[in-house]
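Naming: A, B, ... by sequence-line order, numbering from 1 per chain. All values derive from a computational prediction rather than experimental measurement.
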Amino acid sequence: MEGLLNYYAADSFLHRLNPTLKLAGLMALVVAVTMAFDPWTPLAFLLLGLFMLRVLARVPVRQFIRPLLLFLVLGALGFISANAFFYTPLPGRPVTILWQAGGVRIILEGIRVGISLTLRMLSIVIFSILFVATTDPTDFVLSLIQQARFPFRLGYGILVAYRFMPMWRTELEIIRAAHRIRGAGERPTLRGRWEQLQRYAVPLLASAIRKSERVAIAMDSKAFGALPRRTYYRDVHVRPVDWAFLAGCVLAAAAIVWGMAQLGLLEGYGVVPEA
Amino acid sequence: MAWIDVRHLTVRYPRAPRPALQDVSFQVERGETLLLLGPSGSGKSTLGLCLAGLIPDSVPAAMQGEVLIAGQDIAALTVGQRTAQVGIVFQDPEAQFCMLTVEDEVAFGLENMALPRDEMELRIRESLGLVGLEERRRERVDRLSGGQKQRLALACALARRPSILFLDEPTANLDPAARFEFFQWLARLRAQQPDTTIIIVEHILDDLIAMVDRVMLLNHEGRLVLSGAPAQVFQANGEVLDEMGIWLPQVTALARKLRAAGLPLDRLPLTVDEAEEVFAGLVPAGPLPAEPPRRPAGSTAGGPPALEARRLSFRYRAGGPEVLRDLSLAVPQEAFMALVGPNGAGKTTLALHFVDILRPPAGHVFLFGEDITALTTADITARVGFVFQNPEHQFVERTVEAELAYSLRVRRRPEAEIAQITDALLASFGLTPYRKMNPFALSQGQKRRLSVATMLAVGQRILILDEPTFGQDRNTAHALMERLQTLHAAGVTILAITHDMQLVADYAGTAAVLVDGQVRFQGTPHALFADEELVAAAELRPPPLVELARRFGLRYGDGTAPLSIREWMGLLQGAPAAGGPAKRG
């Protein structure tokens with residue numbers, strides 16, 4: 001999954017948007033797509049997502065192709081086959097049996113549901129990428145604090161945790177190496193794994209606690225939270241274009257759903273599929 | 001009126017057996033530069049936390065006594081007012097930042113003061129300028145080198161315009177050149193802002209001592225035992241300093257030894273400049289011997305090298321930078337080699353190849369002449385011990401004795417044999433009293449000793465150590481080096497990755513210099529420090545005694561300079577230079 005959920009510094013339409021409103025707009029699309037149960041509506045959202053990725057976000061699309069294909073294959077294998085075999089129709093609905101042998105049967109409606117699920121999942125992944133790849137984490141937290149009234153203490157806590165994440169990975173690698181030198185082989189048995197986890201956890205936690213205490217003291221030494229109010233060096237602005245983006249997303253979602261309904265492709269749109 | 005006035009300060013952490021600071025009283029004048037010395041656990045950092053008003057608010061501890069800054073009792077101030085007076089630079093460059101970019105980090109401390117944006121902009125520019133980082137203000141903090149990070153920490157403190165700077169071992173994690181550079185920026189700052197009071201905790205004093213006005217010493221119990229001008233403190237209290245394991249500037253240590261040997265010196269020099277005056281009459285006029293005293297560079301009796309890398313290249317990920325570039329290095333059997341070079345030169349990466357943690361392709365890495373790819377993990381770990389920089393990383397058991405027995409148990413040795421080896425190691429590393437303790441509960445020095453001992457349990461013939469003397473006081477470092485020397489005398493090959501120039505000067509038989517993933521030099525420490533260009537390229541600093549030799553024009557016949565206290569003792573006492581450190585044969 002390396003590269004799938006990373007921020008890519010660049011300058012694009014999406015990069016310039018206010019993080020909170022960008023999140024709201026993309027969330028509107030995610031909500032709209034989750035409520036579709038036919039295969040065609042998610043496909044339309046997926047195409048919209050890919051269009052945005054291509055035109056509005058300047059991110060290295062190549063990086064995403066492989067993980068996306070992986071999702072596609074997993075989805076196809078998992079969701080489609082599971083639904084094809086085990087689809088339970090709503091009472092009173094006829095099913096189309098494509099193939100049958102003994103107790104095993106393949107149901108057309110099941111395949112449709114599977115495809116729909118896969119496409120929904122893919123579009124949600126694309127909308128997530130659109131957000132994460134184009135949003136500077138610092139700006140995101142600052143925007144949450146400045147626009148969404150998120151408590152600043154918690155916000156900075158999240159920022160520090162984010163900053164420390166690569167460090168934990170390095171630290172864990174060092175500990176694993178150190179233990180290998182002791183002759184502590186990584187045993188594949190369940191019990192072996194459990195013991196190993198305990199062994200890694202102690203030094204990792206010891207150092208995590210120490211480091212986080214140090215950061216906390218360093219932050220306090222710079223009077224973090226000493227005053228009820230603080231100012232911000234980076235102001236995260238909201239401009240008309242941000243609201244326009246949010247409105248655009250909502251409109252696009254509505255347009256797709258309406259259009260699909262006009263074409264007669266929409267079925268059972270809502271929180272639960274209706275009879 | 002003194003700027004800082006501390007009266008009968010006692011601090012006790014919850015559940016601690018004794019107070020961290022006991023009845024400490026002192027005064028500091030405005031603009032004074034104070035060096036705070038003391039063994040680990042003597043309360044130096046605690047004192048800084050008290051001055052900054054972080055105890056008891058941020059760090060829970062019971063505090064008695066008074067701290068007055070500018071005549072005001074800080075207990076009566078708000079948290080904001082207290083922290084505005086004192087800027088702190090902490091030791092760990094990785095754990096004192098919370099933002100992602102340089103300017104955001106400086107801004108963080110200003111935002112907390114609720115300053116307007118224009119004022120922040122002004123102060124960011126000014127403070128980054130004071131430490132030479134104005135060009136890097138948009139850089140990500142994690143892309144900075146260790147030295148740059150510490151200068152950034154200094155800038156963050158300065159931007160808040162404190163009247164007092166408390167620097168808590170700011171250079172402990174830096175390589176020698178970065179340490180020197182940090183002190184240079186500090187000296188410049190001191191000249192530009194003569195009103196700023198500086199309190200600094202440091203262990204390696206050679207490049208710092210010249211700017212220190214006063215030295216204060218805390219003892220194991222957190223009591224203030226000495227205070228005075230540096231010369232005066234070092235002059236009159238040698239035994240106390242020895243007992244506490246305080247590192248002295250190298251020239252001072254030499255002068256003390258000479259005095260103990262009966263040479264009349266009118267005063268103890270602290271810097272190379274002073275040493276030049278004090279030793280002027282003692283330096284021999286005649287030529288030095290043709291060659292420096294030899295230290296064994298390893299067995300010449302033939303046999304394959306203990307460790308060897310042949311044309312080894314390595315990158316951590318495909319397309320990433322090449323960390324090792326076609327590197328070849330042989331460590332002869334029974335050598336005591338120091339591996340030095342700038343941070344990021346590939347020293348640890350190379351060492352990890354010698355224990356198969358990083359896997360070389362066949363035909364590039366050899367242990368005693370055997371291709372490492374043909375050996376099993378058990379074979380490799382039975383030959384090579386590897387001591388990590390942070391001993392905690394290697395601990396796998398819950399008691400000291402189980403820790404020592406661990407690699408033997410993994411190998412299913414008989415219990416009787418395990419008990420015997422464990423007891424012997426406990427005794428020879430002075431760990432017997434702690435055998436039932438949890439390794440994590442040991443002191444730093446004990447942890448280090450334990451991690452070395454565990455690496456010898458299976459009878460390893462090669463010991464690789466990553467920064468063995470890091471963060472230790474003089475006594476524990478000295479004890480460890482003596483232990484390594486004993487092992488070396490018993491035929492163990494030692495490879496030490498280090499930034500500690502004193503280790504190189506006093507103990508190493510040979511040195512290898514790594515720069516940019518290649519071996520730039522392999523030879524004696526004498527030859528290394530004689531090559532000024534190489535020393536600069538490797539971001540090292542020559543020991544002060546090498547600089548002193550240069551001033552006096554002292555050279556062996558081969559052009560190298562005497563660099564250890566032992567050699568200088570011999571030269572200045574008129575006797576021929578004694579051999580290197582104690583060694584068999």
Side-chain angles (χ1 to χ4, degrees), chain A residues 2 7 9 136-139 142 152 156-157 159-164 166-167 170-171 173-185 195-196 198-200 202-204 206-207 210-235, chain B residues 49 52 54 57-59 78-80 83-84 86-88 90 92 94-101 103-104 107-117 120-121 124 141-142 153 156-157 160 352 355 357 377-378 381 384-386 388 390 392-396 406-407 410-411 440 454-455 458:
Chain A
E2 186 99 12
Y7 168 59
D136 178 338
T138 308
D139 280 341
L142 288 180
F152 72 82
Y156 277 84
L159 267 185
V160 174
Y162 177 80
R163 217 184 80 77
F164 270 49
M167 216 142 79
T170 320
E171 187 97 358
E173 274 165 21
I174 295 173
I175 293 170
R176 284 180 63 175
H179 287 195
R180 248 169 67 198
I181 290 168
R182 297 296 311 274
E195 285 174 359
Q196 213 166 284
Q198 285 181 307
R199 289 211 180 103
Y200 294 161
V202 177
L204 198 61
S207 113
R210 209 171 295 142
K211 292 247 185 220
S212 39
E213 268 176 6
R214 285 184 195 155
V215 180
I217 293 175
M219 287 169 80
D220 281 352
S221 80
K222 294 175 197 160
F224 179 63
L227 300 179
R229 190 180 74 90
R230 72 197 296 280
T231 50
Y232 291 91
Y233 177 63
R234 271 207 224 188
D235 268 329
Chain B
L49 297 177
L54 294 168
D57 286 344
S58 300
V59 182
T78 66
V79 181
T83 49
V86 183
I88 309 189
F90 296 90
D92 188 348
E94 307 307 327
Q96 55 183 317
F97 302 122
C98 57
M99 301 299 283
L100 296 175
T101 70
E103 60 180 4
D104 284 332
F108 174 77
L110 306 174
E111 293 170 341
N112 294 332
M113 302 166 82
L115 292 180
R117 201 180 176 286
M120 284 197 242
E121 178 59 40
I124 290 172
V141 175
D142 55 13
C156 291
R160 294 165 49 77
L352 290 174
V355 280
I357 288 300
T377 305
T381 52
V384 195
F386 191 109
F388 277 72
N390 178 354
E392 286 185 2
H393 285 151
Q394 293 184 288
F395 294 155
V396 292
Y406 177 79
S407 27
V410 172
R411 291 182 157 75
F440 283 87
T454 56
M455 281 303 151
V458 205

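Contact check on Glu111(B) versus Lys222(A) returns no salt bridge, with no Lys/Arg side-chain nitrogen under 4.0 Å from an Asp/Glu carboxylate oxygen. Under the 4.0 Å criterion applied to side-chain N and carboxylate O atoms, Asp235(A) and Arg117(B) are not assigned as salt-bridge partners. Salt-bridge check for Arg163(A) with Asp142(B): failed, with every basic side-chain N at 4.0 Å or more from each acidic carboxylate O.
For a residue to count as touching a neighbouring chain, one of its non-hydrogen atoms must lie under 4.5 Å from one of that chain's; by this rule Ala177(A) touches chain B with backbone and side chain alike. Only the side chain of Phe164(A) comes within less than 4.5 Å of a heavy atom in chain B; its backbone stays farther off. Only the side chain of Tyr156(A) comes within less than 4.5 Å of a heavy atom in chain B; its backbone stays farther off. Asp104(B) touches chain A through its side chain: at least one heavy atom from C-beta onward sits under 4.5 Å away, while N, CA, C and O do not. Heavy-atom distances place no part of Glu213(A) under 4.5 Å from chain B, backbone and side chain included. For Leu54(B), the part sitting under 4.5 Å from any heavy atom of chain A is the side chain, from C-beta outward, and nothing else. Interface remark: Val141(B) contributes side-chain atoms only to the contact with chain A (heavy atom separation under 4.5 Å).
Counting heavy-atom pairs under 4.5 Å between each of Leu159(A), Leu204(A), Ile217(A) and chain B puts Ile217(A) at the top. Of all the listed residues (Thr377(B), Asp92(B), Thr101(B)), the one sharing the greatest number of non-hydrogen pairs under 4.5 Å with chain A is Asp92(B). Ranked by heavy-atom pairs under 4.5 Å with chain A, the list Phe97(B), Phe440(B), Phe108(B) is led by Phe108(B). The residue among Gln96(B), Arg411(B), Glu392(B) with the most heavy atom pairs within less than 4.5 Å of chain A is Glu392(B). Between chain B and the options Gly157(A), Ala218(A), Ser221(A), heavy-atom pairs under 4.5 Å are most frequent for Ser221(A). Contact count versus chain A (heavy atoms, under 4.5 Å) is highest, among Leu115(B), Val59(B), Val355(B), Thr78(B), for Leu115(B). Comparing Met113(B), Met455(B), Glu94(B) by how many heavy-atom pairs each has under 4.5 Å with chain A, the most go to Glu94(B). Note: Leu100(B) leads Thr381(B), Leu100(B), Val79(B), Ile88(B) in heavy-atom pairs under 4.5 Å with chain A.
In summary, the aromatic rings of Phe224(A) and Phe152(A) are positioned with their centroids under 6.0 Å apart.
Scanning all heavy atoms of the two residues, the minimum distance from Thr231(A) to Arg229(A) falls at CG2-NH1, 3.9 Å. Residue Ile124(B) comes nearest to Ala107(B) through the heavy atom pair CD1-CB, 3.9 Å, listed as atom of the first residue, atom of the second, then distance. Of all the heavy atoms in Phe386(B) and Gln394(B), the pair that sits closest is O-NE2, 2.6 Å. Closest non-hydrogen pair, Val160(A) versus Cys98(B), comes out as CG2-CB, 3.3 Å.
Expressed to the nearest 0.5 Å, how far OG of Ser207(A) lies from CD1 of Ile175(A) amounts to 6.5 Å. Interatomic distance, Leu352(B) CG to Ile181(A) CD1, rounded to the nearest 0.5 Å: 6.5 Å.
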